[in-house]
Protein chains: 2
Amino acid sequence: MENKRELFQVLTRRFGLLNKNCCSIGSVDISTVQSHIIYEIDKQHAPSMQQVADTLAMDITTFSRQIQKLVKMELVKKTPSEQDKRIYILSLTVQGKFVATSIDQSMNAYLDEVFSHMNEFERETVIRSIELLNKAMSKSHVCCSPMC
Amino acid sequence: MENKRELFQVLTRRFGLLNKNCCSIGSVDISTVQSHIIYEIDKQHAPSMQQVADTLAMDITTFSRQIQKLVKMELVKKTPSEQDKRIYILSLTVQGKFVATSIDQSMNAYLDEVFSHMNEFERETVIRSIELLNKAMSKSHVCCSPMC
DNA sequence: AATATTATTTGCAATATGCAAGTATCTAGC
DNA sequence: GCTAGATACTTGCATATTGCAAATAATATT
(Lines give C-alpha, C1' and ligand atoms only; values in the text may rest on other atoms or scores of the structure.)
Protein backbone atom coordinates (compact mmCIF):
# COMPACT_ATOMS: atom_id res chain seq x y z
CA MET A 1 0.00 0.00 0.00
CA GLU A 2 1.09 3.49 -0.85
CA ASN A 3 2.75 5.68 1.77
CA LYS A 4 0.11 7.91 3.32
CA ARG A 5 2.20 11.02 3.38
CA GLU A 6 3.04 10.70 -0.28
CA LEU A 7 -0.64 10.64 -1.13
CA PHE A 8 -1.28 13.91 0.64
CA GLN A 9 1.85 15.52 -0.75
CA VAL A 10 0.71 14.73 -4.28
CA LEU A 11 -2.80 15.93 -3.49
CA THR A 12 -1.53 19.27 -2.23
CA ARG A 13 0.57 19.96 -5.25
CA ARG A 14 -2.11 18.87 -7.67
CA PHE A 15 -4.46 21.36 -6.06
CA GLY A 16 -1.95 23.97 -7.15
CA LEU A 17 -1.44 25.04 -3.57
CA LEU A 18 2.30 25.54 -3.89
CA ASN A 19 1.79 28.63 -5.99
CA LYS A 20 0.55 31.85 -4.54
CA ASN A 21 -1.86 32.73 -7.28
CA CYS A 22 -5.01 30.74 -7.72
CA CYS A 23 -7.03 32.14 -10.60
CA SER A 24 -7.51 35.07 -12.88
CA ILE A 25 -11.05 36.36 -13.25
CA GLY A 26 -11.03 38.87 -16.05
CA SER A 27 -8.00 41.00 -15.24
CA VAL A 28 -8.08 40.31 -11.53
CA ASP A 29 -5.61 37.86 -9.98
CA ILE A 30 -6.96 36.04 -6.97
CA SER A 31 -4.67 34.28 -4.52
CA THR A 32 -5.51 31.08 -2.69
CA VAL A 33 -6.06 32.93 0.56
CA GLN A 34 -8.31 35.49 -1.10
CA SER A 35 -10.24 32.76 -2.81
CA HIS A 36 -10.93 31.09 0.53
CA ILE A 37 -11.90 34.38 2.15
CA ILE A 38 -14.35 35.20 -0.63
CA TYR A 39 -15.81 31.71 -0.48
CA GLU A 40 -16.33 31.87 3.26
CA ILE A 41 -17.91 35.34 3.20
CA ASP A 42 -20.26 34.12 0.49
CA LYS A 43 -21.16 31.07 2.47
CA GLN A 44 -21.68 32.45 5.94
CA HIS A 45 -24.60 34.69 6.79
CA ALA A 46 -23.37 38.19 7.68
CA PRO A 47 -20.07 36.99 9.16
CA SER A 48 -17.78 39.17 11.26
CA MET A 49 -14.07 39.58 10.63
CA GLN A 50 -13.23 37.33 13.52
CA GLN A 51 -15.66 34.62 12.49
CA VAL A 52 -14.15 34.29 9.03
CA ALA A 53 -10.57 34.51 10.28
CA ASP A 54 -11.30 31.82 12.87
CA THR A 55 -12.98 29.58 10.31
CA LEU A 56 -9.92 29.85 8.07
CA ALA A 57 -7.51 29.59 11.04
CA MET A 58 -5.75 32.71 9.81
CA ASP A 59 -3.74 35.24 11.77
CA ILE A 60 -6.10 38.17 12.39
CA THR A 61 -3.59 40.81 11.32
CA THR A 62 -2.90 39.12 8.01
CA PHE A 63 -6.60 38.61 7.60
CA SER A 64 -7.32 42.27 8.32
CA ARG A 65 -4.89 43.30 5.62
CA GLN A 66 -6.31 40.86 3.13
CA ILE A 67 -9.77 42.30 3.79
CA GLN A 68 -8.41 45.78 3.23
CA LYS A 69 -7.09 44.60 -0.08
CA LEU A 70 -10.37 43.00 -1.08
CA VAL A 71 -12.24 46.16 -0.07
CA LYS A 72 -9.91 48.21 -2.22
CA MET A 73 -10.52 45.78 -5.06
CA GLU A 74 -14.23 46.41 -4.44
CA LEU A 75 -14.97 42.76 -3.97
CA VAL A 76 -15.83 43.00 -0.27
CA LYS A 77 -17.72 45.45 1.94
CA LYS A 78 -17.28 46.05 5.67
CA THR A 79 -20.22 47.28 7.72
CA PRO A 80 -19.98 48.13 11.44
CA SER A 81 -22.31 46.01 13.52
CA GLU A 82 -25.21 47.88 15.15
CA GLN A 83 -24.84 45.97 18.41
CA ASP A 84 -21.08 46.35 18.83
CA LYS A 85 -19.09 49.06 17.11
CA ARG A 86 -15.89 47.05 17.29
CA ILE A 87 -17.31 44.36 15.03
CA TYR A 88 -17.43 44.60 11.25
CA ILE A 89 -19.80 42.52 9.18
CA LEU A 90 -18.40 41.33 5.88
CA SER A 91 -20.29 40.97 2.63
CA LEU A 92 -19.52 40.57 -1.05
CA THR A 93 -20.16 43.37 -3.53
CA VAL A 94 -21.83 42.63 -6.84
CA GLN A 95 -18.36 42.33 -8.32
CA GLY A 96 -17.28 40.11 -5.46
CA LYS A 97 -20.27 37.91 -6.07
CA PHE A 98 -19.33 37.65 -9.72
CA VAL A 99 -15.77 36.64 -8.85
CA ALA A 100 -17.03 34.11 -6.30
CA THR A 101 -19.34 32.60 -8.88
CA SER A 102 -16.64 32.46 -11.52
CA ILE A 103 -14.21 30.68 -9.20
CA ASP A 104 -16.96 28.34 -8.11
CA GLN A 105 -17.79 27.45 -11.69
CA SER A 106 -14.25 26.79 -12.74
CA MET A 107 -13.60 24.68 -9.65
CA ASN A 108 -16.70 22.64 -10.17
CA ALA A 109 -15.89 22.27 -13.85
CA TYR A 110 -12.46 20.98 -12.92
CA LEU A 111 -13.88 18.61 -10.34
CA ASP A 112 -16.44 17.34 -12.83
CA GLU A 113 -13.68 16.70 -15.32
CA VAL A 114 -11.58 14.88 -12.76
CA PHE A 115 -14.52 12.81 -11.59
CA SER A 116 -15.35 11.99 -15.19
CA HIS A 117 -12.33 9.66 -15.10
CA MET A 118 -14.14 7.54 -12.49
CA ASN A 119 -17.25 5.42 -12.55
CA GLU A 120 -20.29 6.23 -10.43
CA PHE A 121 -19.29 3.94 -7.58
CA GLU A 122 -15.81 5.41 -7.41
CA ARG A 123 -17.19 8.93 -7.41
CA GLU A 124 -19.44 8.27 -4.45
CA THR A 125 -16.68 6.46 -2.61
CA VAL A 126 -14.25 9.32 -3.06
CA ILE A 127 -16.81 11.89 -1.95
CA ARG A 128 -17.71 9.88 1.09
CA SER A 129 -14.07 9.36 1.94
CA ILE A 130 -13.26 13.06 1.84
CA GLU A 131 -16.24 13.67 4.10
CA LEU A 132 -14.95 11.02 6.42
CA LEU A 133 -11.47 12.47 6.38
CA ASN A 134 -12.70 16.00 7.07
CA LYS A 135 -14.77 14.71 9.95
CA ALA A 136 -11.87 12.71 11.38
CA MET A 137 -9.67 15.78 11.15
CA SER A 138 -12.24 17.87 12.96
CA LYS A 139 -12.08 15.37 15.80
CA SER A 140 -8.32 15.55 16.02
CA HIS A 141 -6.91 16.93 19.22
CA VAL A 142 -3.83 18.28 17.54
CA CYS A 143 -4.17 22.05 17.66
CA CYS A 144 -2.56 22.82 14.32
CA SER A 145 -2.16 20.25 11.62
CA PRO A 146 1.35 19.91 10.21
CA MET A 147 0.08 18.72 6.88
CA CYS A 148 1.90 21.09 4.58
CA MET B 1 -24.90 14.95 -0.59
CA GLU B 2 -22.33 17.50 0.40
CA ASN B 3 -21.17 20.08 -2.13
CA LYS B 4 -17.93 18.86 -3.64
CA ARG B 5 -16.19 22.18 -3.55
CA GLU B 6 -16.95 22.64 0.12
CA LEU B 7 -15.26 19.33 0.88
CA PHE B 8 -12.05 20.39 -0.78
CA GLN B 9 -12.16 23.83 0.75
CA VAL B 10 -12.38 22.35 4.21
CA LEU B 11 -9.65 19.86 3.40
CA THR B 12 -7.28 22.61 2.29
CA ARG B 13 -7.75 24.67 5.37
CA ARG B 14 -7.48 21.71 7.68
CA PHE B 15 -4.14 20.88 6.13
CA GLY B 16 -3.07 24.28 7.35
CA LEU B 17 -2.26 25.39 3.83
CA LEU B 18 -3.60 28.90 4.24
CA ASN B 19 -0.69 29.84 6.47
CA LYS B 20 2.76 30.37 5.09
CA ASN B 21 4.60 28.54 7.82
CA CYS B 22 4.30 24.83 8.11
CA CYS B 23 6.42 23.61 11.00
CA SER B 24 9.17 24.50 13.39
CA ILE B 25 11.99 22.01 13.74
CA GLY B 26 14.10 23.13 16.64
CA SER B 27 14.56 26.84 15.97
CA VAL B 28 14.06 26.55 12.22
CA ASP B 29 10.77 27.60 10.62
CA ILE B 30 9.89 25.64 7.52
CA SER B 31 7.30 26.88 5.05
CA THR B 32 4.94 24.69 3.08
CA VAL B 33 6.90 25.19 -0.11
CA GLN B 34 10.19 24.40 1.61
CA SER B 35 8.69 21.32 3.20
CA HIS B 36 7.63 20.02 -0.21
CA ILE B 37 11.02 20.78 -1.74
CA ILE B 38 12.84 18.93 1.04
CA TYR B 39 10.49 16.00 0.74
CA GLU B 40 10.98 15.73 -2.99
CA ILE B 41 14.78 16.01 -2.82
CA ASP B 42 14.77 13.27 -0.19
CA LYS B 43 12.56 11.08 -2.30
CA GLN B 44 14.13 11.37 -5.73
CA HIS B 45 17.51 9.94 -6.53
CA ALA B 46 20.01 12.73 -7.28
CA PRO B 47 17.39 15.09 -8.74
CA SER B 48 18.24 18.20 -10.73
CA MET B 49 16.83 21.64 -10.04
CA GLN B 50 14.51 21.39 -12.99
CA GLN B 51 13.30 17.93 -12.09
CA VAL B 52 12.19 18.97 -8.63
CA ALA B 53 10.70 22.26 -9.83
CA ASP B 54 8.75 20.39 -12.51
CA THR B 55 7.52 17.79 -10.07
CA LEU B 56 6.24 20.54 -7.79
CA ALA B 57 4.92 22.61 -10.70
CA MET B 58 6.80 25.60 -9.36
CA ASP B 59 8.11 28.63 -11.22
CA ILE B 60 11.83 27.99 -11.74
CA THR B 61 12.89 31.43 -10.55
CA THR B 62 10.96 31.11 -7.31
CA PHE B 63 12.30 27.61 -6.96
CA SER B 64 15.88 28.77 -7.53
CA ARG B 65 15.52 31.32 -4.79
CA GLN B 66 14.02 28.82 -2.39
CA ILE B 67 16.96 26.49 -3.05
CA GLN B 68 19.36 29.35 -2.36
CA LYS B 69 17.61 29.84 0.93
CA LEU B 70 17.75 26.15 1.84
CA VAL B 71 21.45 26.06 0.91
CA LYS B 72 22.07 29.03 3.18
CA MET B 73 20.16 27.23 5.92
CA GLU B 74 22.54 24.32 5.28
CA LEU B 75 19.69 21.92 4.66
CA VAL B 76 20.42 21.41 0.94
CA LYS B 77 23.52 20.97 -1.19
CA LYS B 78 23.93 21.77 -4.90
CA THR B 79 26.48 19.84 -6.95
CA PRO B 80 27.19 20.58 -10.63
CA SER B 81 26.49 17.58 -12.84
CA GLU B 82 29.53 16.00 -14.45
CA GLN B 83 27.75 15.48 -17.75
CA ASP B 84 26.28 18.95 -18.11
CA LYS B 85 27.68 21.96 -16.30
CA ARG B 86 24.38 23.80 -16.45
CA ILE B 87 22.67 21.21 -14.33
CA TYR B 88 22.87 21.11 -10.55
CA ILE B 89 22.11 17.99 -8.58
CA LEU B 90 20.33 18.53 -5.28
CA SER B 91 20.84 16.61 -2.08
CA LEU B 92 20.03 16.98 1.59
CA THR B 93 22.73 17.69 4.16
CA VAL B 94 22.80 15.76 7.43
CA GLN B 95 20.83 18.63 8.94
CA GLY B 96 18.44 18.59 6.03
CA LYS B 97 17.93 14.87 6.49
CA PHE B 98 17.15 15.46 10.14
CA VAL B 99 14.59 18.13 9.30
CA ALA B 100 13.03 15.90 6.62
CA THR B 101 12.73 13.05 9.10
CA SER B 102 11.25 15.27 11.78
CA ILE B 103 8.60 16.62 9.43
CA ASP B 104 7.88 13.12 8.20
CA GLN B 105 7.40 11.85 11.72
CA SER B 106 5.10 14.60 12.79
CA MET B 107 3.02 14.27 9.64
CA ASN B 108 2.69 10.56 9.99
CA ALA B 109 1.88 10.95 13.67
CA TYR B 110 -0.85 13.39 12.74
CA LEU B 111 -2.20 11.11 10.05
CA ASP B 112 -2.16 8.16 12.43
CA GLU B 113 -4.09 10.20 14.95
CA VAL B 114 -6.62 11.27 12.37
CA PHE B 115 -7.01 7.73 11.04
CA SER B 116 -7.43 6.46 14.60
CA HIS B 117 -10.91 8.03 14.46
CA MET B 118 -11.83 5.51 11.72
CA ASN B 119 -12.25 1.77 11.63
CA GLU B 120 -10.03 -0.42 9.49
CA PHE B 121 -12.44 -0.52 6.57
CA GLU B 122 -12.81 3.25 6.55
CA ARG B 123 -9.06 3.72 6.65
CA GLU B 124 -8.48 1.55 3.62
CA THR B 125 -11.35 3.18 1.76
CA VAL B 126 -10.01 6.66 2.39
CA ILE B 127 -6.49 5.67 1.34
CA ARG B 128 -7.76 4.05 -1.80
CA SER B 129 -9.94 7.02 -2.59
CA ILE B 130 -7.09 9.50 -2.31
CA GLU B 131 -5.07 7.26 -4.62
CA LEU B 132 -7.96 7.22 -7.03
CA LEU B 133 -8.35 10.98 -6.84
CA ASN B 134 -4.64 11.59 -7.41
CA LYS B 135 -4.71 9.26 -10.39
CA ALA B 136 -7.82 10.91 -11.85
CA MET B 137 -6.18 14.30 -11.44
CA SER B 138 -3.07 13.10 -13.21
CA LYS B 139 -5.28 12.16 -16.15
CA SER B 140 -6.94 15.54 -16.26
CA HIS B 141 -6.32 17.57 -19.39
CA VAL B 142 -6.67 20.86 -17.56
CA CYS B 143 -3.20 22.36 -17.60
CA CYS B 144 -3.34 24.01 -14.16
CA SER B 145 -5.81 23.01 -11.54
CA PRO B 146 -7.83 25.90 -10.07
CA MET B 147 -8.36 24.10 -6.81
CA CYS B 148 -7.19 26.73 -4.41
C1' DA C 1 31.91 28.08 -36.71
C1' DA C 2 27.69 30.37 -35.93
C1' DT C 3 23.30 30.23 -34.13
C1' DA C 4 19.56 28.40 -31.39
C1' DT C 5 18.21 26.22 -27.27
C1' DT C 6 18.55 25.14 -22.48
C1' DA C 7 19.52 25.38 -17.14
C1' DT C 8 19.84 28.45 -13.92
C1' DT C 9 20.40 33.08 -11.92
C1' DT C 10 19.44 37.93 -11.16
C1' DG C 11 16.94 42.52 -11.72
C1' DC C 12 12.91 44.62 -10.65
C1' DA C 13 8.76 45.91 -8.61
C1' DA C 14 5.16 44.50 -6.13
C1' DT C 15 3.08 41.95 -2.59
C1' DA C 16 2.58 39.07 1.72
C1' DT C 17 3.45 37.80 6.60
C1' DG C 18 3.27 37.67 11.69
C1' DC C 19 4.86 39.66 16.20
C1' DA C 20 4.34 43.72 18.91
C1' DA C 21 1.98 47.70 19.86
C1' DG C 22 -1.89 50.90 19.28
C1' DT C 23 -6.89 52.59 19.19
C1' DA C 24 -11.64 52.38 20.07
C1' DT C 25 -15.39 49.98 22.14
C1' DC C 26 -17.55 46.87 25.32
C1' DT C 27 -17.98 44.23 29.79
C1' DA C 28 -17.34 43.18 34.58
C1' DG C 29 -16.76 44.55 39.09
C1' DC C 30 -16.97 47.87 42.60
C1' DG D 1 -21.93 55.52 37.46
C1' DC D 2 -17.09 54.87 37.07
C1' DT D 3 -12.98 52.48 36.01
C1' DA D 4 -10.01 48.66 34.94
C1' DG D 5 -9.71 44.90 32.11
C1' DA D 6 -10.98 42.54 27.98
C1' DT D 7 -12.00 42.49 23.19
C1' DA D 8 -12.21 43.55 17.89
C1' DC D 9 -9.63 45.31 14.76
C1' DT D 10 -5.73 48.19 12.86
C1' DT D 11 -1.03 49.68 12.19
C1' DG D 12 4.19 49.71 12.82
C1' DC D 13 7.94 47.22 11.71
C1' DA D 14 11.09 44.22 9.62
C1' DT D 15 11.39 40.61 6.90
C1' DA D 16 10.06 37.34 3.38
C1' DT D 17 8.02 35.86 -1.08
C1' DT D 18 6.66 36.03 -5.91
C1' DG D 19 6.80 35.89 -10.98
C1' DC D 20 7.88 38.39 -15.39
C1' DA D 21 11.74 39.97 -17.98
C1' DA D 22 16.38 39.81 -18.85
C1' DA D 23 21.04 37.93 -18.32
C1' DT D 24 24.78 34.41 -18.28
C1' DA D 25 26.95 30.21 -19.28
C1' DA D 26 26.74 25.71 -21.30
C1' DT D 27 25.08 22.56 -24.76
C1' DA D 28 22.84 21.21 -29.16
C1' DT D 29 21.80 22.03 -33.91
C1' DT D 30 22.70 23.61 -38.43
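In what follows, every chain begins at residue 1, and chains take the letters A, B, ... in the order their sequences are listed.
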Can I get a per-line list of side-chain donor-acceptor pairs under 3.5 Å for residues 50-62 of chain A, giving both atom names and the distance, sequence neighbours left out?
unit_1	atom_1	unit_2	atom_2	d
Gln51(A)	OE1	Ser48(A)	N	2.8
Thr55(A)	OG1	Gln44(A)	NE2	3.0
Thr55(A)	OG1	Gln51(A)	O	2.8
Asp59(A)	OD2	Thr61(A)	N	3.2
Asp59(A)	OD2	Thr61(A)	OG1	2.4
Asp59(A)	OD2	Thr62(A)	N	3.1
Asp59(A)	OD2	Thr62(A)	OG1	3.2

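- Atom CD1 of Ile30(B) is separated from atom C1' of dA16(D) by 14 Å (rounded to the nearest Å).
- Atom-to-atom, CD of Gln68(B) to P of dA16(D) comes out at 14 Å; the value is rounded to the nearest Å.
- Surrounding NZ of Lys43(A) are more than 12 heavy atoms belonging to other residues, nucleotides or ligands, all under 6.0 Å away.
- For residues 49-56 of chain B, proximity to DNA chain C is found at Met49(B), Gln50(B), defined as any non-hydrogen atom under 4.0 angstrom from a strand atom.
- Scanning for ring pair (Phe, Tyr, Trp, His ring centres under 6.0 Å) contacts around Tyr39(A) gives an empty result, with sequence neighbours left out.
- Applying the salt bridge (charged side-chain N to carboxylate O under 4.0 Å, His left out) definition to pairs two or more places apart or across chains, those involving residues 82-107 of chain B are Arg5(A)-Asp104(B), Asp42(B)-Lys97(B), Asp84(B)-Arg86(B).
- Applying the ring pair (Phe, Tyr, Trp, His ring centres under 6.0 Å) test to Phe63(A) and every residue at least two apart in sequence or in another chain returns nothing.
- Between the side chains of Thr93(A) and Gln95(A), no donor N or O sits under 3.5 Å from an acceptor N or O.
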How does protein reach along nucleotides 16-26 of chain C, written 5' to 3' as B (base within reach of a heavy atom under 4.0 Å), S (only sugar-phosphate), or - (no contact)? SBBBB----BS
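- The separation between Tyr88(A) atom OH and dT7(D) atom C1' is 14 Å, rounded to whole Å.
- Between Ser31(B) and Cys22(B) the shortest side-chain heavy-atom distance does not fall below 4.5 Å.
- As rounded to whole Å, 19 Å separates atom P of dT6(C) from atom CZ of Phe63(B).
- In this structure, the side chains of His117(B) and Met137(A) stay at 4.5 Å or more apart for every pair of heavy atoms.
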